Amino acid sequence: MTPNNVNPVQWQQSVGYARSVCARVFRDGGQPSDALAAFGLDAASAPTDWSVVVDRIATQISKAPARKAA
C-alpha cells in the first residue's frame, strides 16, 4: 500500500531497498529488531513480522530529504 504523501515511484524504490536490507539481515541470522536498529528506528518494540519491518524502513527512507545531483 502506497502512502498518499509519497511519490509512488519513490515508495516502490524504498520498499525494494528495504526488502534487500532485510534479506541481508535475515540471511546473516539477524532479527527484525536488528534491521530496525540499522536505520535508527525503535527496536525495543520490534514486530516479529518482517513485512511490517520492511514497511517501517521504507517509510523512514521515504521521509528522508531527496539529495540533488551536483
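What you are looking at is a predicted structure, and each value in this text was computed from that prediction instead of being measured.
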Engineer: Looking at OG of Ser14 and NZ of Lys63, how far apart are the two atoms once the value is rounded to the nearest 0.5 Å?
Structural biologist: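 Ser14 OG to Lys63 NZ: 12.0 Å, rounded to 0.5 Å.
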
Engineer: In a check of side-chain contact (heavy atoms from CB on, under 4.5 Å) between Ile57 and each of Asp55, Thr59, Val53, which one passes?
Structural biologist: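 Result: among Asp55, Thr59, Val53, Val53 is the only option passing the side-chain contact (heavy atoms from CB on, under 4.5 Å) with Ile57.
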
Engineer: How close do Pro47 and Leu36 get, heavy atom to heavy atom, and via which atoms?
Structural biologist: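 In terms of heavy atoms, the two residues are closest at CD-CD1, 4.1 Å.
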
Engineer: What pair of heavy atoms forms the shortest contact from Gly30 to Trp50, and how long is it?
Structural biologist: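 Distance-wise, the nearest heavy atoms are O-CZ2, 3.8 Å.
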
Engineer: Does Phe26 CZ have over 12 foreign heavy atoms under 6.0 Å away?
Structural biologist: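 Not buried by this count: 12 neighbours or fewer within 6.0 Å.
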
Engineer: I need the minimum non-hydrogen distance between Ser62 and Trp11, along with the two atoms involved.
Structural biologist: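 Here Ser62 and Trp11 meet closest at OG-CE3, 3.5 Å.
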
Engineer: Indicate the atoms forming the closest heavy-atom contact of Leu41 with Arg56, along with that distance.
Structural biologist: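 Smallest heavy-atom distance, with atoms named: CD1-O, 3.9 Å.
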
Engineer: Over all heavy atoms of both residues, which pair between Val54 and Ala18 is shortest? Give the atoms and the distance, please.
Structural biologist: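 What the structure gives for the nearest pair is O-CB, 3.6 Å.
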
